[in-house]
Amino acid sequence: AQSVTQLGSHVSVSEGALVLLRCNYSSSVPPYLFWYVQYPNQGLQLLLKYTSAATLVKGINGFEAEFKKSETSFHLTKPSAHMSDAAEYFCAVSERSGGGADGLTFGKGTHLIIQP
Amino acid sequence: DSGVTQTPKHLITATGQRVTLRCSPRSGDLSVYWYQQSLDQGLQFLIQYYNGEERAKGNILERFSAQQFPDLHSELNLSSLELGDSALYFCASSVVIPGGSNEKLFFGSGTQLSVL
């Protein structure tokens with residue numbers, strides 16, 4: 001069975017500082033991995049996804065994530081935080097070959113707080 | 001705006017009651033997914049429909065049911081409601097055939113259900 005663990009339910013960084021949101025996964029087969037963002041009072045939006053083409057994945061809004069098989073990790077980073085990045089971030093894993101949504105398992109989310 | 005419309009935005013009801021949540025997918029999207037987001041369980045996949053037919057089931061209780069109509073809108077029916085059913089219910093739609101490698105989910109802004 002697949003699972004996702006997001007370390008830290010809340011992460012606080014200063015504006016302009018590095019953002020690092022941690023995600024570790026468990027999967028019995030090569031996984032497909034996703035990061036979604038949820039802004040207040042909105043649904044989730046796809047930030048980026050890893051589907052085995054390249055280990056470093058670039059997403060929207062300057063975010064990127066690196067797949068590390070040896071560490072079973074898929075951490076999300078952004079070099080310089082902006083106030084507009086304040087949101088809830090979800091890591092998700094799928095074992096289906098196409099990353100189909102019916103196989104998605106989400107982490108519990110990390111609330112990113114940006115300090116001015 | 002994702003293009004996915006959910007109504008109502010807020011719903012307050014009592015234990016034992018039955019409610020219906022409605023979702024209109026983006027124009028052209030054939031797949032509709034329902035998710036439940038709660039503080040203790042996080043974001044959980046409930047059920048998926050594709051072009052009117054149930055395609056996948058997740059952690060959906062027997063008291064809950066869903067359907068997708070010929071015009072592709074979907075309804076999630078929750079009956080014999082309990083306090084623990086209080087949550088944010090999301091609908092999402094996707095553009096390609098489920099399991100396709102380029103599948104991308106578009107989420108609605110959710111229906112906040114409060115069971116008192």
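Proteins get letters first, then strands, A, B, ... in listed order; numbering begins at 1 in each. Source: prediction; values computed, not measured.
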Exercise. Is it true that atom NE2 of A:H10 has more than 12 heavy atoms of other residues, nucleotides or ligands lying nearer than 6.0 Å?
Worked result: yes

For this session: Might you confirm whether atom CD1 of B:I12 has over 12 heavy atoms from other residues, nucleotides or ligands at distances under 6.0 Å?
Result: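 No.
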
Problem set entry | Non-hydrogen atoms of A:Y36 and B:L105 that approach each other most closely | OH-CB, 3.6 Å

Seminar exercise, completed: Heavy atoms of B:Q37 and A:Q38 approach each other most closely as NE2-OE1, 3.1 Å

Does one hydrophobic cluster hold both [X] and [Y], with members joined at side-chain heavy-atom distances below 4.5 Å?
{"X": "A:L48", "Y": "A:L18", "result": "no"}
{"X": "A:F67", "Y": "A:I60", "result": "yes"}
{"X": "B:V4", "Y": "B:F90", "result": "no"}

Problem set entry | Criterion ring pair (Phe, Tyr, Trp, His ring centres under 6.0 Å) on A:F106 and B:Y35, from CA distance to verdict | CA-CA 10 Å; A:F106 283 90; B:Y35 286 86; 5.5 Å; yes

For this session: Check whether B:L88 gets within reach of chain A through its side chain, its backbone, both or neither, counting any heavy atom under 4.5 Å.
Result: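 For B:L88, side-chain heavy atoms alone lie under 4.5 Å from chain A.
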
Problem set entry | A:L44 side, atom CG; B:F106 side, atom CZ - distance, nearest 0.5 Å |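 Rounded to the nearest 0.5 Å, the CG-CZ separation comes to 13.0 Å.
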
Exercise. Side chain, backbone, both or neither: which part of A:F90 has an atom under 4.5 Å from a heavy atom of chain B?
Worked result: side chain

